[in-house]
Each structure stands twice: as C-alpha cells, then as structure tokens.
Amino acid sequence: MYKLIGSPKTRAFRVLWMLEELGLEYEIVDAGPRTDDILAFNPSGKVPALVADDNVIIDSSAIVQFLADRHEKFTYPAGTIERAKQDSFLHFANDDLDGTCWVAAKHSFVLPEELRVSDIIKSCQWDWGRAMMTLEQRLGNNEYVMGETFTVPDIIICHVAGWAKRSGFDWPSGRISDYFERAQSRLAFQRAWEIRGNS
C-alpha cells in the first residue's frame, strides 16, 4: 500500500497515473502545495510526496521512476543504452516542457502580483512551440517516445501537454497531437482522470 500526498489536480496526477498503470493499492491525501499535510513530508511545500515502506520520496518524476523501477514495468534497466535514451526524454520533459509551463504559471497566478512579469508568457509560448518541434523530430513515427513501449517519460510529457493546453498554449497538430491523444486514451489515464475530477 502506497500513500500519495498531493492533490490529483497537481503534478501528483503523474504518480496517480503510474499507480493506475501498475494496478497498485494506494491511498490519496488530497493536499495542496504548502499545506500542513505536505509540509510534514516536504519542507519546500511542493507536491507530491509518496510514502513507501515508511520512507518518503519527493518530486513527481523521481516517484514515477521509482515505481517503474521497483515494479519492473514501463522502464528500461539502469545502465542500458535504452535507459540512457529514456532518461534523456525524461530530462527533456522536465527542462523544456514542465519548466516552460511552470514559469508561465508562476507569472500568471503563483507569484505575488508585484513579482509577476506578464510579458514572459510570450517567451513561454515561444519555448513551447520550439519544444514541440523538437519532440516531433525525436518522436518520429514511434508510437511512444521509446518506440512501441510506454515508459516513464510518456507520463510526464503527456501530463504536461494537458497542462499546456489548459494554459492556452498552442496545441500541436499531426503526429504530436496523435501521440498525446494516444497516451491519454490509455485506460489507466482515464481512471486517474476520473479520480482527479472527483477530488
């Protein structure tokens, strides 16, 4: 039994999606950022956190990769060339996609108004478009980023895609749009999305 601390409407959704993919038992503590429930586990107040065997793991990407490694699904073994390529996609997801959405969010509603730079949203839109061109080249005709195999970076990339769409970023067409829709049509995603909607 795992305990997921974090609202499914945050990056905790990624962990929820992986838990559903793996068919694991878990409970959710629906905690928002910087609330007492999450501060008890993460001094930064960021969500999510995962309690596993009385240990706490923080950072959504680290948690998703931990679950994949531990249950030996949706990942390649550490030390293999395939894992290096998989990790490359994961870093791309965090740096080029998540980072862009997070900067836009901070300057839209997270930071105090006096610290927001409204014009920065334009540069975020530009960064997002450039990242979509990169993703299209790297994805090629693959079903998922690592070919036919669904892996950890697919969860992060396709979760961020939904975040970007809800933030008004330009939605790509063609192969990238098909890729996003293919990942988000998975049954585990649909179950996690239903839980998110009910939280």
Side-chain angles (χ1 to χ4, degrees), residues 1-22 24-71 75 87 89-121 123-125 127-128 131 152-169 188-189 191-199:
M1 171 71 78
Y2 292 102
K3 181 184 288 186
L4 171 59
I5 299 99
S7 167
K9 295 178 180 175
T10 67
R11 289 184 183 95
F13 180 84
R14 304 163 180 184
V15 180
L16 176 60
W17 183 0
M18 178 57 91
L19 289 164
E20 287 291 333
E21 288 282 358
L22 292 167
L24 300 172
E25 292 186 18
Y26 61 89
E27 61 176 299
I28 300 174
V29 177
D30 191 350
R34 294 172 296 282
T35 59
D36 289 342
D37 284 333
I38 190 64
L39 284 167
F41 296 96
N42 185 355
S44 76
K46 292 182 179 180
V47 293
L50 185 77
V51 179
D53 304 332
D54 297 323
N55 292 289
V56 178
I57 305 164
I58 58 175
D59 186 277
S60 60
S61 293
I63 297 167
V64 172
Q65 187 61 63
F66 160 76
L67 289 169
D69 286 335
R70 188 179 221 196
H71 297 280
T75 189
D87 287 345
F89 271 111
L90 184 58
H91 288 291
F92 166 77
N94 286 320
D95 295 341
D96 292 43
L97 305 182
D98 186 276
T100 297
C101 287
W102 180 230
V103 168
K106 285 193 292 186
H107 290 275
S108 296
F109 60 88
V110 176
L111 291 172
E113 279 195 48
E114 65 271 16
L115 298 178
R116 297 177 196 171
V117 180
S118 59
D119 284 350
I120 207 166
I121 307 303
S123 68
C124 292
Q125 286 274 13
D127 273 340
W128 177 260
V152 168
D154 292 305
I155 287 180
I156 308 302
I157 291 170
C158 294
H159 171 256
V160 176
W163 180 11
K165 187 174 186 179
R166 292 187 297 278
S167 299
F169 283 25
F189 177 92
R191 289 193 297 269
W193 192 256
E194 184 176 355
I195 293 166
R196 178 190 185 276
N198 292 328
S199 68

Kindly give the heavy-atom pair with the smallest separation between [X] and [Y], and that separation in Å.
X      : Y      : value
Trp128 : Cys101 : CZ3-SG, 4.3 Å
Leu39  : Ser44  : CD2-C, 4.5 Å
Cys124 : Val103 : SG-CG1, 3.6 Å
Arg116 : Leu111 : NE-O, 2.7 Å
Ile38  : Ala31  : N-CB, 4.3 Å
Ala49  : Val56  : CB-CG1, 4.2 Å

Side-chain heavy-atom pair [X], [Y] within 4.5 angstrom cut-off:
X      : Y      : result
Glu21  : Leu67  : no
Phe92  : Pro153 : no
Tyr2   : Val51  : no
Leu50  : Ile5   : no
Glu20  : Tyr26  : yes
Trp102 : Val110 : yes

Between atom [atom1] of [X] and atom [atom2] of [Y], what is the distance when rounded to the nearest 0.5 Å?
X      : Y      : atom1 : atom2 : value
His159 : Leu97  : NE2   : CG    : 12.0 Å
Lys46  : Thr10  : NZ    : OG1   : 12.5 Å
Glu194 : Arg196 : CD    : CZ    : 13.0 Å
Phe189 : Asp154 : CZ    : CG    : 12.5 Å
Asp127 : Ile121 : CG    : CD1   : 11.5 Å
Leu4   : Ser60  : CG    : OG    : 10.5 Å

Self-check item: side chain to side chain contact (heavy atoms under 4.5 Å, CB included) assessment of Met18 paired with Val152
Solution: CA-CA 8 Å; Met18 178 57 91; Val152 168; 4.0 Å; yes
What pairs with [X] under side-chain hydrogen bond (donor to acceptor under 3.5 Å, both in side chains), at least two apart in sequence or on another chain?
X      : result
Ser61  : Asn94
Gln125 : none
Thr35  : none
Asp59  : none

Practice problem: Would you confirm whether the ring centroid of Phe13 sits within less than 6.0 angstrom of the ring centroid of Trp193? | Solution: yes
Quiz item: Is the CD atom of Glu27 crowded by more than 12 outside heavy atoms at less than 6.0 Å?
Solution: yes
Exercise. Only pairs at least two apart or in different chains count here, so list each salt bridge (Lys or Arg N to Asp or Glu O under 4.0 Å) that has a residue in residues 93-110.
Key: Arg11-Asp98, Arg14-Asp98
Self-check item: Pair Phe169-Thr100, side chain to side chain contact (heavy atoms under 4.5 Å, CB included): steps then yes or no
Solution: CA-CA 10 Å; Phe169 283 25; Thr100 297; 3.8 Å; yes
Quiz item: Sequence neighbours excluded, which residues qualify as side chain to side chain contact (heavy atoms under 4.5 Å, CB included) partners of Asp53?
Solution: Asn55, Arg70
Exercise. List the steps and the verdict of side chain to side chain contact (heavy atoms under 4.5 Å, CB included) for Asp87 and Gln65.
Key: CA-CA 10 Å; Asp87 287 345; Gln65 187 61 63; 4.3 Å; yes
Self-check item: Derivation and outcome, side chain to side chain contact (heavy atoms under 4.5 Å, CB included), residues Ser7 and Val47
Solution: CA-CA 8 Å; Ser7 167; Val47 293; over 6 Å; no
